[in-house]
Amino acid sequence: MDAAQKSPVTSFATIAALLFLYAPLAVVVLFSFHERPSLSFPFTGFSLRWYEQVFSSAEFGSAVRNSIVVGIASAATTLVLGTMAAYGLGRIPQRYRAFLAMLFFLPITLPGLFIGLSLLVFFVQIRVPLSLVTVTISHLIYVFPYFLLIAWAAVERLDPALEDTAADLGAGPWQVFWKVSFPQLWPILVGATSLAFALSFDEFVITFFVIGAESTLPMYIWSGLRRTIDPAVNTVSSILLLLTLALFSLAFLFAFGRRQLLAKSIRK
Amino acid sequence: MSVFALQAESVTHRFGAVPALTEVSLAIKPGEFVTLLGPSGCGKTTLLRILAGFIRPMSGKVFLEGQDVTKLPPHQRAINTVFQRSTLFPHLDVFENVAFGLRLLRRPQAEVSARVREALALVRLSGFEQRRSHELSGGQVQRVALARALIGRSKVLLLDEPLSALDLAIRLEMEEELRRLHREISGSFVYVTHDQREALALSDRIAVFNQGRLEQLGTPSEIYRKPASAFAARFVGNANVVAVEILPVANGFVSLTLGPHRLTNITQVSKVTGPAWLVLRPECLRLGEEGLHGEICDIAYRGTGFSYRIAVDGLAEPLNAEVPAEGGEPLPVGSSTCVSWDPASAVILRRQGQ
C-alpha cells in the first residue's frame with residue numbers, strides 16, 4: 001500500500017483525474033470575473049460587472065427565490081416523511097423489508113428524463129396545472145431515496161437497548177423518540193436534509209418537464225445559454241456552485257463528522 | 001393474605017414454535033432477593049422481560065403488589081430494570097442519565113438535584129455528575145445504571161445479568177455493592193444469572209430454571225444440599241450425578257447397584273426404589289483404602305485443596321472430588337485409589353427412563 005502511494009504513476013493519475021474534474025469548474029469561476037464578454041482565453045482582467053448585472057436582474061432574483069422555496073418545501077417534507085419511513089423500515093418484519101426498501105430506493109436508478117416525463121404525463125392526466133407545487137412534488141420523489149438511505153442507516157445504528165431503558169424508566173413511545181432517539185439522530189437528519197435541499201436546488205432534468213411558466217436557478221442558466229452565450233451564465237453558475245458546495249459541506253459536516261463523534265461515545 | 005411484591009402466575013410463552021417458558025409460577029416477597037438461575041436459553045431472561053413488561057406472555061398473569069399488570073407496557077409499571085449490557089444515554093451526562101426518570105415526571109429542579117446526588121452517593125459515584133459514558137469504566141457504567149434504576153424508588157428492581165460483562169475482580173466488588181444496596185434500600189431484587197456462584201452468594205432464594213421450567217425454588221443452602229433434580233444438582237455446585245438402581249430394603253439396609261458395584265447402607269433412608277440418581281458433592285468424596293476402585297486422571301490445585309478427576313471402574317463419567325490439601329502433595333495422575341463417602345452426605349433422586 002505504501003509503495004502504491006509513493007509511485008509516481010499513481011500520483012500523476014490522481015492529479016490528472018482531479019484536474020479533469022475541477023479545472024473546467026475553475027475556468028467557469030474565473031471567467032465569471034472577466035472584464036470582457038469573451039468566454040475564452042486570453043483572460044484580460046478582473047471585473048465584477050457580470051455579478052452586478054446578475055444581481056440587478058429581476059428574473060435572476062425570482063429564480064433564486066423559487067429555487068429556495070422549492071428546496072425548503074421538498075427538503076422539509078422529505079425530513080418528516082423520510083424519518084418516518086426510516087423508522088418503519090427498521091421495524092417491519094424482515095420479509096417485507098427488502099421489498100419495501102427496493103420500492104423506496106428505485107427512483108435512484110431511474111433516469112431523470114424518465115421520471116420527469118412520467119410525472120409530466122401524470123400531472124396532465126390528473127389535470128394539475130404545472131407550477132412550483134408540481135416541481136416540489138417531483139423533487140420530493142427525487143430526493144427522498146437519498147435522504148432515506150442516510151436516515152435509515154442512522155436509525156439502524158440506534159441501540160434498541162436504550163429505547164428499552166427509557167421505556168423502563170417511564171417514557172412512553174413519543175417521549176422515547178423525543179428524549180432518546182431524536183437527540184442522537186438530529187445531526188444526521190440535519191445533514192441529510194441539507195443534502196436533500198442541495199439536490200433539489202440544482203436539479204434540472206426533472207424540473208424541465210414539470211415547471212410550466214416559472215423558473216428556478218438551473219432553468220435560468222439554461223435559458224441564458226439557449227439565447228446567446230451570455231457571459232452572465234458563468235456568474236450564475238458560480239453562484240450556484242458556491243451555494244451547492246456550502247450545502248454539501250454542511251451535509252457532510254453533520255452527517256459524517258458528527259457520526260464519528262457519536263460512534264465514539266456509543267462504542268464505549 | 002400477604003401481598004407479594006411481584007408475582008408470576010402460570011406464565012407460559014413461546015417464540016414461534018419454540019417454548020420459552022412453561023407454566024412458571026413464582027412469588028417474590030417484599031424485600032426479598034430472588035435469583036433466576038439457569039443456563040442460557042432456559043427462559044430466565046424471558047421471564048424477566050415479561051415481569052418488566054417488554055414481552056406479553058401468551059398465557060398467565062403478572063401481579064405487582066397485588067395488581068394485575070400483565071397488560072401494562074413497561075413505562076406504566078413501577079418496576080425498573082438494570083440490563084445486562086447497560087447503556088447510558090450517549091447524549092446525556094451522568095447527572096442527566098440518573099435524572100431521566102424524574103425529568104419525565106417534571107419534578108422541580110431542587111428535588112431532582114437532591115435525589116440524583118442521593119442516588120449517586122448510594123452507588124458511590126458522587127462527583128461523577130458531569131462525566132459522559134465514554135469516560136467511565138464498565139463497572140462505573142453499571143453503577144450509573146443502578147442509580148438510574150433506583151432513583152424512581154420502585155418497590156422492585158430487576159437485574160438482568162448486570163455483572164456478566166465485567167472483569168472478575170470488579171464483579172466480586174459489585175456483588176458486595178449489590179448486597180449492601182439491597183440491605184440499604186429494602187426493596188425486592190429479582191436477579192438473573194447463569195453463574196451459580198453469584199446466585200449462591202447473593203440470594204435469599206434461588207429459582208433454578210431448565211428448558212423453560214422452574215426446576216427448584218429454595219434458599220441457597222436448600223438448593224445446594226437438597227437438589228430436587230439431577231439438573232439442579234449438576235448446575236449448582238457441579239455435583240457428581242450417577243445413575244444407580246436402588247434395591248428393595250433388606251435387613252433394614254438400603255443397598256444399590258452402581259454399574260457393576262453393589263453397595264449397602266449407602267444412604268440411611270430412601271423413599272425411592274428402582275432407577276435413581278445418586279448425587280455426590282465433590283467435597284464429600286474421600287480418597288483412601290476403602291470404597292470404589294479407580295484411577296486418577298486429572299488433578300488441579302485449588303490452593304485450599306486439590307480437585308481430582310477419578311475414573312472409577314464401571315462408571316461412564318469420571319467423578320469429581322475436592323480434597324483438602326492439608327499440607328500434603330497430591331496423588332500423581334495415573335495412580336490408583338479408592339473413593340468413598342459419608343452416606344449421610346449423598347442424595348438420592350428418582351430417575352425416569354433410561
Side-chain angles (χ1 to χ4, degrees), chain A residues 83 86-87 90-97 150-151 153-193 253-268, chain B residues 16 45 48-49 51-55 72-93 96-107 131-138 140-141 144-154 156-160 165:
Chain A
T83 307
Y87 255 83
R91 265 136 227 249
I92 55 166
Q94 192 85 45
R95 58 182 180 279
Y96 308 124
R97 195 177 298 166
I150 300 173
V155 168
E156 288 286 296
R157 267 198 312 275
L158 290 177
D159 184 351
L162 285 177
E163 294 181 12
D164 281 358
T165 305
D168 188 71
L169 292 166
W174 275 106
Q175 286 172 313
V176 170
F177 177 76
W178 286 113
K179 291 188 183 291
V180 176
S181 307
F182 185 72
Q184 296 177 73
L185 286 177
W186 77 261
I188 291 162
L189 295 183
V190 168
T193 309
L253 204 68
F254 272 99
F256 300 102
R258 283 299 195 110
R259 190 183 72 185
Q260 263 140 29
L261 252 178
L262 207 68
K264 220 179 274 172
S265 65
I266 287 171
R267 213 176 298 129
K268 186 58 203 216
Chain B
T45 296
L48 195 84
R49 289 182 71 79
L51 296 175
F54 291 109
I55 300 173
L72 287 187
H75 66 279
Q76 287 169 13
R77 297 192 189 189
I79 300 181
N80 289 124
T81 312
V82 177
F83 294 92
Q84 176 169 15
R85 193 179 49 81
S86 278
T87 33
L88 303 186
F89 302 120
H91 58 293
L92 300 177
D93 61 12
E96 286 302 327
N97 261 283
V98 177
F100 192 86
L102 298 182
R103 294 276 190 229
L104 290 173
L105 299 171
R106 301 182 190 285
R107 309 305 298 180
R131 300 269 190 112
R132 297 255 166 178
S133 68
H134 62 269
E135 298 168 315
L136 300 172
S137 70
Q140 288 167 339
V141 166
V144 176
L146 266 170
R148 183 172 63 183
L150 290 171
I151 200 164
R153 295 175 182 162
S154 55
V156 183
L157 184 68
L158 307 180
L159 301 113
D160 185 8

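These numbers were taken from a predicted model, which means no experiment stands behind them. Lettering of chains follows the sequences in order, A, B, ..., and the numbering in each one begins at 1.
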Legend entry - Approximate separation, where rounding is to 0.5 Å, of A:K179 NZ and B:H91 NE2: 9.0 Å
Legend entry - Ionic contact status for B:R77 with A:D168, cut-off 4.0 Å: no
Legend entry - Contact class of B:I79 relative to chain A, heavy atoms under 4.5 angstrom: backbone
Legend entry - Shortest non-hydrogen contact from B:H75 toward A:A171: CB-O, 3.2 Å
Legend entry - Exceeds 12 heavy-atom contacts within 6.0 angstrom, atom CZ of A:R91: yes
Legend entry - B:A149 versus chain A, the contacting section by heavy-atom distance below 4.5 Å: backbone
Inset, instruction - For residues A:Q184 and B:P90, report the shortest heavy-atom separation together with the two atoms involved. - result: OE1-CG, 3.4 Å
Inset, instruction - Grab the two heavy atoms, one from A:A161 and one from B:T87, that are nearest each other, plus how far apart they are. - result: CB-OG1, 3.9 Å
Legend entry - Exercise: identify the closest heavy-atom pair between A:L169 and B:L104: O-CD1, 3.7 Å
Legend entry - CA sep, side-chain torsions, deciding dist, call: A:D164, B:R49, side chain to side chain contact (heavy atoms under 4.5 Å, CB included): CA-CA 10 Å; A:D164 281 358; B:R49 289 182 71 79; 3.0 Å; yes
Legend entry - chain B contacts, top residue of A:T165, A:V180, A:V176, A:L162 (heavy-atom pairs, under 4.5 Å): A:L162
Legend entry - chain A contact via B:F89 - side chain, backbone, both or neither, heavy atoms under 4.5 Å: both
